[in-house]
> 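First the structure, which I've put down as structure tokens, then a few questions once you've had a look.
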Amino acid sequence: MSSSSSPNSPSQPPESQSPAGATGDEVPICSAKGCRAPAVWVLAWNNPKLHTPERRKTWLACDEHREHLSSFLNVRGFLKDVVRLSEWEENGGRPRPSASDG
């Protein structure tokens, strides 16, 4: 996790954490800096200047920080999908299939 990240500062991203980042009995927590709440949401994103179109980076969010973190990514054009953590895990760490996926 990056110690210089802060979702409270508009120019800094939050601490990044992989949805699969929890090991053993650890509960995935929200990526918002300083938040220790259990994650409920996965925010899949991509910086087109750095990543190939199919690549997805992820942040985790609790209910309280979901909108703030989503807005942070969306205003930059990075946000690709927001799904419940349980759904993300059921899909093997991939965004939900769209209707056009077959």
Side-chain angles (χ1 to χ4, degrees):
M1 283 193 247
S2 171
S3 60
S4 65
S5 300
S6 171
N8 300 326
S9 170
S11 63
Q12 300 267 334
E15 297 180 33
S16 186
Q17 182 177 4
S18 168
T23 59
D25 293 331
E26 291 180 32
V27 174
I29 60 166
C30 181
S31 297
K33 187 169 185 169
C35 185
R36 304 306 296 165
V40 178
W41 301 95
V42 174
L43 286 63
W45 62 276
N46 168 305
N47 180 341
K49 292 183 180 179
L50 301 176
H51 307 122
T52 58
E54 65 279 352
R55 178 148 184 216
R56 293 295 180 264
K57 303 282 283 179
T58 56
W59 285 349
L60 300 177
C62 62
D63 282 329
E64 180 181 347
H65 290 111
R66 180 182 139 223
E67 188 61 37
H68 175 73
L69 297 177
S70 294
S71 294
F72 182 93
L73 293 167
N74 197 43
V75 76
R76 289 158 178 78
F78 295 174
L79 187 63
K80 301 301 179 190
D81 207 359
V82 177
V83 297
R84 287 199 163 270
L85 177 59
S86 58
E87 183 180 336
W88 181 270
E89 291 172 339
E90 287 171 9
N91 286 326
R94 293 181 307 275
R96 63 183 154 237
S98 68
S100 63
D101 288 342

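The first residue in the sequence is number 1, and the count goes up from there.
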> Kindly write out the residues that satisfy side chain to side chain donor-acceptor pair (under 3.5 Å) with Asp63, not counting sequence neighbours, or none if the list is empty.
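Side chain to side chain donor-acceptor pair (under 3.5 Å) check on Asp63 returns Trp41.
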> Which residues satisfy the side-chain contact (heavy atoms from CB on, under 4.5 Å) test with Pro48, sequence neighbours excluded?
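Checked Pro48 against side-chain contact (heavy atoms from CB on, under 4.5 Å); matches are Asn46, Phe78.
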> How many angstroms lie between atom SG of Cys35 and atom NE2 of His65, to the nearest 0.5 angstrom?
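That separation rounds to 5.0 Å.
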> How close do Arg66 and Ala61 get, heavy atom to heavy atom, and via which atoms?
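Where Arg66 meets Ala61 most closely, the heavy atoms are CA-CB, 3.7 Å.
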> Using the side chain to side chain contact (heavy atoms under 4.5 Å, CB included) rule, pick out the option among Lys49, Glu54, Arg55 that qualifies with His51.
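Answer to the side chain to side chain contact (heavy atoms under 4.5 Å, CB included) test with His51 among Lys49, Glu54, Arg55: Arg55.
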> What are the two closest heavy atoms between Leu69 and Ala32, and how far apart are they?
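In terms of heavy atoms, the two residues are closest at CD1-N, 4.1 Å.
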> List the atom of Cys62, the atom of Ala37, and the distance in Å for their closest heavy-atom pair.
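What the structure gives for the nearest pair is CB-CB, 3.8 Å.
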> Look up atom OG in Ser70 and atom CD in Glu67, then write down how far apart they are to the nearest 0.5 Å.
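The OG atom of Ser70 sits 6.0 Å away from the CD atom of Glu67.
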> How about Val40 and Leu85: do any of their side-chain heavy atoms sit closer than 4.5 Å?
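Not in contact.
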> Side chains of Leu43 and Thr58: does their closest heavy-atom pair fall under 4.5 Å?
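Answer no - side chains too far apart.
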